[in-house]
Amino acid sequence: MKKLITNKWLMIAMFIIFTAVFDLAVDNTSLHNRAIVVGLAIDKCEEGVEVTVQVLNPSTGGIENAKNNVVVVSYKDVSVPKCIERISTKGGIQISLAYCNIVILSQEILAVSHLSAIKYLVEIDELNTSAYLLTADKTAKEYLELEAPIAEANAYYIEQILSTRKNDINLNEINLKNYLYNYYDIGGVCWLPVLSKTEILPPRGSDTKAEKTYMLNFDQTAIVNAQSEIFLIKDSANVGLSFAKGKVANGAISVTNGDKKFEASVLDAKTTYKALAPNKIKMECKADIMLGERSGEYLFSQPISDFELNLIKAEIERNLEAILKEIKDNNADILHFGGLLYKKFGNTFKNNITKDYVKDIEVEIEVKIKVK
């Protein structure tokens with residue numbers, strides 16, 4: 001009996017070893033020829049579209065000019081699928097998008113038909129639906145080709161910024177899954193952060209020629225509706241969207257009293273909505289703040305006075321009013337007021353809806369502040 005059990009475990013061990021060796025023998029070639037894409041950019045061109053990929057570890061050397069196991073490859077064709085196919089053929093590799101967490105769509109692509117590019121991305125089985133979507137101030141391609149700030153893999157650097165700062169004031173990130181949710185909600189309006197760059201100049205008086213370095217910015221947001229019409233928001237409206245879209249967990253608000261200023265750090269802020277009538281919504285923002293470093297000569301009282309609290313409250317209200325103005329001026333239901341009203345009032349709302357329904361909605365704003 002003991003011998004039988006020993007033989008049984010020996011057979012199991014041999015089977016495991018055989019399976020592992022077989023897998024290595026069969027799949028080694030495919031693994032060796034697989035190129036991991038960490039960033040994807042889509043631009044418009046005369047042929048149709050230009051797709052650019054930033055590839056990590058192109059293993060066979062089939063793609064030329066690879067440095068430090070990272071290379072950027074572009075191809076132009078009539079469609080995104082064709083471009084992906086051409087890149088694979090050109091490089092002699094199999095493109096893998098399983099680890100691609102950054103997708104940059106140029107504003108020209110969004111203006112033509114942003115959904116056609118998005119639909120292809122959704123059809124890629126291995127593409128992570130949590131991949132961040134962005135647009136760019138110029139071409140999408142150039143942000144994967146930048147040699148600075150991180151030459152090895154710009155896509156990883158961009159992803160790191162978005163993942164660590166996603167709840168910051170003035171940065172309105174979005175992923176593929178949420179983008180599609182926005183598109184198919186009543187109104188069909190989506191947003192994407194706009195990627196831009198600022199060149200960092202070398203220190204004054206420096207004799208050495210330093211390589212160009214850049215700081216990446218996300219201080220604007222592109223709003224896109226179902227008709228592929230685009231408008232950009234910035235400053236107060238962009239900050240207002242950060243509060244209005246639901247949650248803020250980091251950032252500062254500058255409050256001015258005459259020529260004197262002080263900062264309030266936002267530790268946590270949540271905004272909720274309540275449908276009050278078929279054409280009326282209440283927006284309630286609750287914010288936990290901490291007083292930051294003083295600037296100028298302004299000395300706030302200890303504890304903070306009601307007057308100073310009202311200054312902070314008024315500033316948040318001003319930002320929320322700025323995004324509401326953009327929503328109404330551009331007839332863009334970014335905050336899904338239509339869906340909220342339909343859920344609450346059903347046919348009472350639906351039977352009276354017009355294409356300009358957003359402009360007719362009354363929004364009541366209430367801001368509550370708690371000092372930590």
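Positions are given from 1 along the sequence. All of these numbers come straight from a predicted model, not from anything done at the bench.
- Residues Ser74 and Lys141 come closest through the heavy atom pair OG-CE, 3.3 Å.
- The CD atom of Gln220 sits 13.0 Å away from the CG atom of Leu171 when rounded to the nearest 0.5 Å.
- One finds the CG atom of Leu276 at 11.5 Å from the CD1 atom of Ile361 (value rounded to the nearest 0.5 Å).
- For the pair Ile36 and Val55, the minimum side-chain heavy-atom distance is 4.5 Å or more.
- Across all their heavy atoms, Asn331 and Lys355 have their closest contact at ND2-O, 2.9 Å.
- Among pairs with a residue in residues 165-177, those fulfilling salt bridge (charged side-chain N to carboxylate O under 4.0 Å, His left out) read Arg165-Asp168, at least two apart in sequence or across chains.
- Using a 4.5 Å cut-off on side-chain heavy atoms (C-beta onward), Phe218 and Ile158 make contact.
- Identified under the side chain to side chain donor-acceptor pair (under 3.5 Å) test for residues 338-348, with sequence neighbours left out: none.
- No side-chain heavy atom of Ile42 sits less than 4.5 Å from a side-chain heavy atom of Ile104.
- For Asn225 and Tyr183, the side-chain atoms include no donor-acceptor pair closer than 3.5 Å.
- In plain terms, the two heavy atoms of Ala131 and Val103 that are nearest each other are CB-CG2, 4.5 Å.
- Summarising the geometry, atom NZ belonging to Lys313 is positioned 12.0 Å from atom CD1 belonging to Ile289; distances are rounded to the nearest 0.5 Å.
- For the pair Lys274 and Glu284, the minimum side-chain heavy-atom distance is 4.5 Å or more.
- With contacts defined as side-chain heavy-atom distances shorter than 4.5 Å, the pair Glu47/Val78 does not qualify.
- Tested against Asn238, the residues Asp219, Asn172, Asn319 include a single side chain to side chain donor-acceptor pair (under 3.5 Å) partner, Asn172.
- Residues Phe337 and Val363 have side chains in contact (heavy-atom distance under 4.5 Å, counting atoms from C-beta outward).
- The minimum heavy-atom distance linking Gly240 with Leu320 is given by the pair O-CD2, 3.7 Å.
- Here the side chains of Val248 and Asn167 are not in contact, with every heavy-atom distance at 4.5 Å or above.
- Between Asn217 and Thr198, the side chains place a donor N or O and an acceptor N or O closer than 3.5 Å (distance only, hydrogens not considered).
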Evaluate the criterion side chain to side chain donor-acceptor pair (under 3.5 Å) for residue pair Glu142 and Thr139; output intermediate values, then yes/no. CA-CA 6 Å; Glu142 69 181 89; Thr139 63; 3.2 Å; yes
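- Sorted by first then second residue, the salt bridge (charged side-chain N to carboxylate O under 4.0 Å, His left out) pairs that include residues 229-253, not counting sequence neighbours, are Lys247-Asp268.
- The two residues Leu105 and Thr135 have their closest heavy-atom pair at O-OG1, 2.7 Å.
- Asp185 places no side-chain N or O within donor-acceptor distance of the main-chain N or O of Gly188, the cut-off being under 3.5 Å.
- Side-chain atoms of Asn352 and Tyr357 form no donor-acceptor pair, as typed in the model, at a separation below 3.5 Å.
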